[in-house]
Number of protein chains: 4
Amino acid sequence: MSKKIGIVGASGYSGEELVRLLGNHPHAQLACVTSRAHAGKTIAEVMPQLRNTKVAGLKFVDSNAAELAKSDIDIFFLALPHGVASEYASAFVNAGKQVFDLSADFRLQSPAIYKEFYGQDHPAPALLKNSVYVIPELCDDAWKKSKLIACPGCYPTSILMPLIPLLKGKVVSGKGIVVNSCSGVSGAGKKLAEDYLYCERDESLKAYGLPKHRHLSEIEEQLSAAAGEKIIIQFNPHLAPMMRGIATTITVPALKKGSEALYAAWQKTYAGKPCVALLDSATRPDTGHVVGTNRVDISGVYDERTGNFVLTSAIDNLLKGAGGQAVQLMNLYCGWEETAGLL
Amino acid sequence: MSKKIGIVGASGYSGEELVRLLGNHPHAQLACVTSRAHAGKTIAEVMPQLRNTKVAGLKFVDSNAAELAKSDIDIFFLALPHGVASEYASAFVNAGKQVFDLSADFRLQSPAIYKEFYGQDHPAPALLKNSVYVIPELCDDAWKKSKLIACPGCYPTSILMPLIPLLKGKVVSGKGIVVNSCSGVSGAGKKLAEDYLYCERDESLKAYGLPKHRHLSEIEEQLSAAAGEKIIIQFNPHLAPMMRGIATTITVPALKKGSEALYAAWQKTYAGKPCVALLDSATRPDTGHVVGTNRVDISGVYDERTGNFVLTSAIDNLLKGAGGQAVQLMNLYCGWEETAGLL
Amino acid sequence: MSKKIGIVGASGYSGEELVRLLGNHPHAQLACVTSRAHAGKTIAEVMPQLRNTKVAGLKFVDSNAAELAKSDIDIFFLALPHGVASEYASAFVNAGKQVFDLSADFRLQSPAIYKEFYGQDHPAPALLKNSVYVIPELCDDAWKKSKLIACPGCYPTSILMPLIPLLKGKVVSGKGIVVNSCSGVSGAGKKLAEDYLYCERDESLKAYGLPKHRHLSEIEEQLSAAAGEKIIIQFNPHLAPMMRGIATTITVPALKKGSEALYAAWQKTYAGKPCVALLDSATRPDTGHVVGTNRVDISGVYDERTGNFVLTSAIDNLLKGAGGQAVQLMNLYCGWEETAGLL
Amino acid sequence: MSKKIGIVGASGYSGEELVRLLGNHPHAQLACVTSRAHAGKTIAEVMPQLRNTKVAGLKFVDSNAAELAKSDIDIFFLALPHGVASEYASAFVNAGKQVFDLSADFRLQSPAIYKEFYGQDHPAPALLKNSVYVIPELCDDAWKKSKLIACPGCYPTSILMPLIPLLKGKVVSGKGIVVNSCSGVSGAGKKLAEDYLYCERDESLKAYGLPKHRHLSEIEEQLSAAAGEKIIIQFNPHLAPMMRGIATTITVPALKKGSEALYAAWQKTYAGKPCVALLDSATRPDTGHVVGTNRVDISGVYDERTGNFVLTSAIDNLLKGAGGQAVQLMNLYCGWEETAGLL
């Protein structure tokens with residue numbers, strides 16, 4: 001029942017988390033990792049954190065979509081830039097492989113919105129009908145029939161999980177939503193740019209990407225689908241002086257007053273879900289409490305002065321916000337325990 | 001023309017900044033620092049950062065309002081907890097001294113609001129008529145006649161400075177304002193609580209004080225006065241893993257569309273002001289760029305998708321947000337250069 | 001074959017790591033956690049990082065040595081202050097329980113040295129003959145007969161592991177050893193002291209504990225035993241602005257010149273050991289690469305200009321330096337895989 | 001009596017500190033800053049920290065040694081890479097300008113040692129006889145006759161200041177000196193290399209540059225000159241997760257026992273020096289206490305167990321370790337107050 005796994009594009013921070021998780025997974029067998037930059041080197045050489053692990057000696061190979069599609073690998077994870085992932089996704093889906101894509105290529109159903117936010121034509125619009133965007137706690141099991149799973153982005157996960165049950169339950173309004181998020185620096189990836197040098201980011205906090213960060217497209221598409229109407233939000237992302245973690249704070253007008261309705265809607269969706277913790281209304285999620293886990297912590301409070309709810313969530317951007325959620329999806333797809341390999 | 005200065009309650013982080021600034025001021029002579037905990041010790045012993053400075057050997061004394069009121073000190077700075085400051089303020093004002101109070105005791109004109117937010121009766125309501133709340137760039141010179149200056153809080157400074165010119169100029173609406181701020185840990189003061197230990201705050205970001213942080217009272221009173229109508233806002237403060245700095249992001253519905261009206265209103269108020277920098281609409285303030293200065297950096301962008309402005313500001317919470325602004329006020333009061341001793 | 005486990009004094013940073021590791025261990029069943037401060041609360045309440053884990057709902061109980069000794073718990077871990085641990089150790093050993101003690105009470109064989117370094121009489125000198133100090137990679141299997149295992153301190157682990165094989169192999173001299181170590185702040189425990197506040201330790205590095213840190217006693221006793229002669233070293237510990245990790249740098253006169261002899265001695269001791277990685281002579285251990293693991297990274301270089309070796313090591317002070325090594329010892333004691341539960 | 005100042009190569013971290021200090025100096029007039037990368041931009045654009053300062057609008061110009069040599073600038077500071085600085089130094093010295101060079105080009109008197117440590121022929125050996133290496137507290141006034149002042153490196157300043165008075169006074173031995181230093185990341189300059197990304201250095205401490213860091217050449221040349229014999233030391237530098245600061249810990253065999261001799265030698269050299277603080281033998285220098293200042297904090301303790309002194313020092317690597325010391329030298333050269341512009 002074990003599956004053979006390949007990771008394509010495994011050299012960034014998300015890729016490294018995937019290698020760590022899949023290299024130690026009880027049911028999955030990590031058989032292949034690709035990286036143009038690191039081909040020929042071992043995992044231990046490229047990722048010193050993984051010295052002495054079971055996969056320490058596995059060597060990176062150069063990536064070739066056609067050849068990989070012919071291999072005996074069952075499941076591929078794509079940790080590639082947008083625009084590049086689709087080539088691999090096409091080859092793998094055509095060859096009958098299961099694909100979990102961490103890029104943005106299949107997160108949007110609309111090629112026009114893709115072009116607006118990513119500045120290029122969608123590289124494989126024909127595949128969009130085969131793909132499905134999945135936050136596992138928010139979807140019924142139909143997604144498991146798809147060969148191409150679009151794994152959500154980090155900011156979207158932290159925003160959609162608190163909001164979607166409330167929009168579906170008509171607990172909150174879809175108008176006037178304001179989202180502020182603070183992300184650790186790993187969210188920017190392993191980019192050699194002055195802005196990401198230690199001395200530039202240490203002791204430094206700032207907004208960026210205003211007013212139209214790329215993740216906005218994905219957030220609004222999902223919120224609109226949940227609400228059954230077009231939702232437009234204000235999304236203000238920030239860079240914070242820490243390695244990992246996203247803390248999101250959402251101000252949203254209440255349709256039902258008081259925190260009971262809020263928690264009732266959340267309980268209905270999330271009760272018993274192993275990767276969600278609902279904190280009481282007086283306790284705030286703290287990124288320090290979720291870093292290293294695949295958990296999202298959520299709480300909310302009703303403000304009778306303004307008539308708003310203030311919703312707060314925290315995730316590890318590289319786990320529940322990226323590789324951890326992808327492994328959670330694989331677990332569910334394969335019928336394994338939801339949190340296998342995710343402690 | 002030099003003035004003799006006393007600092008009452010000089011042992012916290014704000015007090016330490018005051019000692020540093022006033023101990024090296026070109027026109028002021030720091031003559032007295034008080035602290036119950038440190039009486040008898042020198043400044044260098046308590047504040048090792050100030051070894052070898054001009055005031056390194058000055059000794060802390062115990063504080064006695066009546067005795068200090070009889071001294072030859074011209075100007076007192078109060079860096080005391082709320083509820084305690086007013087006793088000193090009363091004695092000093094009665095003795096004809098000039099007082100710059102960094103506590104919350106005289107920031108609110110309404111004793112009822114004080115009680116609502118600070119949980120106790122106002123300790124000196126009769127003095128409120130003598131006191132005046134001053135952000136110097138936002139007030140005309142009338143405040144200089146007052147003997148009791150209430151120095152604004154850190155969050156309020158970062159919020160009022162972007163908003164007040166826009167409310168006065170009818171550039172933005174007073175309804176639907178959402179403020180998110182991230183503060184460095186020094187904002188909590190030098191408190192021995194588990195929440196402020198290094199290992200609890202390092203790599204950790206969280207909201208707190210929802211939905212009714214104490215500073216909200218002061219912010220709304222000032223916004224309401226500026227707008228000429230009652231303003232209620234959503235204020236979401238956060239603790240970020242850094243020593244100093246506040247980054248504030250404000251979402252506010254636009255009455256006049258486009259960034260021209262925004263910058264015109266700001267220019268009218270802030271052109272030529274040495275402690276304000278207006279950044280262009282595409283550049284975001286960064287706490288790392290203002291820490292160690294008495295400057296506020298401000299920018300804003302119009303979002304045509306939502307019809308909102310997103311305003312961003314950054315300050316050093318201990319300087320423009322506390323001791324630096326108090327020294328700026330003293331400079332203006334005394335007729336000295338506005339930034340004397342504040343580089 | 002599963003064992004029932006109790007942790008006594010589980011509320012500090014080391015205790016929390018033990019709870020995390022043992023709460024998720026494949027063969028151990030965490031049955032009891034004690035803490036006077038937290039009795040009655042659940043693990044999730046006290047350690048929010050552990051929300052939703054298998055042991056999230058387990059409640060802390062007050063600790064009573066006599067009662068615990070009568071329980072059906074097989075193995076106790078003691079995460080208590082020195083001087084307190086021995087009371088529990090006595091009761092448990094007398095009741096036939098297996099004890100892994102993380103305190104300093106049984107690390108020294110000499111009660112006189114204990115008194116010199118810890119400032120009090122040894123609380124249970126009679127038990128010393130039953131106890132054994134174990135770094136598992138450096139001991140033969142005889143220790144498994146002991147009911148009372150003294151788990152090494154964090155600094156000692158990082159120092160003894162590079163040095164002992166070299167002293168035994170006469171590769172280095174025992175005279176003139178100089179050790180410098182930098183520790184993350186969690187090494188000081190969860191103490192409410194001004195020195196451990198975020199704003200005091202952030203961006204701040206300093207030596208402390210000179211010239212006679214408590215761990216020196218344990219280090220020198222073990223080095224002397226390995227060398228067969230009295231060894232005196234210079235030990236300079238430092239506090240660094242990070243949560244976890246110890247980086248140790250040892251300067252030691254070479255008896256055999258060149259790095260070949262160095263690595264040969266290390267290989268002989270550590271080849272195939274899953275918790276030790278020997279890096280090549282040009283690569284330095286980095287705490288960032290071992291944090292979250294139970295691994296020690298070691299390398300060394302010969303300096304022909306001075307005739308010294310410079311040895312470097314890095315560990316996670318709370319894992320290989322504390323709770324992780326204790327679990328490794330339990331695994332070996334119980335005949336389980338050495339790294340079970342220790343990824 | 002004011003002097004016109006030029007800074008050549010002002011775009012790195014040391015250059016930025018020079019711009020900040022000289023742009024606000026009471027007697028110096030910053031007239032020219034050069035940078036190939038930033039020519040045409042203002043200081044405020046390149047160094048946002050300096051918005052609204054007196055020099056915010058000064059524009060960077062491209063650098064041309066011959067043209068600059070013909071200008072009316074009195075004093076040049078060179079913040080250039082080694083190998084490049086000497087071209088400018090030659091042109092400026094020939095034109096009668098005063099030069100303070102922060103590069104390594106004139107720190108060594110021996111071209112052979114320069115080649116050994118810097119891997120290239122010395123670019124201007126003829127100029128070496130005109131240059132002088134100056135730590136101001138350790139030199140008599142003869143250096144003021146030189147037109148070309150070699151400003152010491154950051155590690156060397158932190159090491160030479162504690163050691164030289166002790167070697168001169170025969171308080172310590174020149175044999176068996178072991179130096180460990182921890183530096184903030186700005187010590188590496190503003191380099192776009194993966195090793196200096198935020199996520200690589202945050203929460204991470206490691207040794208590097210073993211066993212023969214470039215600064216060793218300069219340290220040993222100066223120690224040997226002071227001791228009157230060839231001194232060879234072990235120098236172990238480390239990178240610590242902080243922006244600024246160097247903490248140095250030196251183990252050195254005592255010739256005179258006890259801390260009295262130690263402090264007597266230091267007092268003789270440093271009493272009354274405004275940029276040196278001698279802490280008592282039980283207090284350790286902390287980088288957090290010197291960052292932002294031009295001060296070096298020094299203390300030491302005698303270890304009767306080993307017969308060694310352990311000396312500790314702390315500086316801000318960009319101030320007393322670079323630009324601050326250069327300004328201190330300019331102040332002394334020009335006959336101004338030693339700490340003018342150096343709070």
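Note on naming: letters A, B, ... go to the chains in the order of the sequence lines (proteins, then strands), and numbering restarts at 1 for each one. None of these values were measured; they are calculated from a predicted model. The figures that follow rest on heavy atoms only: side chains count, while hydrogens, waters and symmetry mates do not.
- Residues of residues 207-234 of chain A placed with any heavy atom under 4.5 Å of a heavy atom in chain B are listed by number as A:Ala207, A:Tyr208, A:Leu210, A:Pro211, A:Lys212, A:Leu216, A:Glu220, A:Ile232, A:Ile233, A:Gln234.
- In terms of heavy-atom proximity, A:Gly288 sits nearest to B:Ser204 at N-OG, 3.7 Å.
- A:Asp286 places a side-chain heavy atom less than 4.5 Å from the side chain of B:Arg201.
- Heavy atoms of A:Pro285 lying under 4.5 Å from chain B belong exclusively to its backbone.
- The line from NE2 of B:His289 to CD of A:Glu200 is 6.5 Å long, rounded to the nearest 0.5 Å.
- Taking OG1 from A:Thr251 and CG from B:Asn180, the interatomic distance works out to 6.0 Å, rounded to the nearest 0.5 Å.
- Using a 4.5 Å heavy-atom cut-off against chain A, the contacting residues of residues 302-325 of chain B are B:Tyr302, B:Asp303, B:Arg305, B:Thr306, B:Asn308, B:Val310, B:Thr312.
- Note: A:Leu205 CG to B:His238 NE2 = 10.0 Å, rounded to the nearest 0.5 Å.
- Residues B:Glu203 and A:Met243 form a side-chain contact, since some pair of their non-hydrogen atoms from C-beta on lies under 4.5 Å apart.
- For the set B:Gly245, B:Cys182, B:Ala240, the entry with the most heavy-atom pairs within less than 4.5 Å of chain A is B:Cys182.
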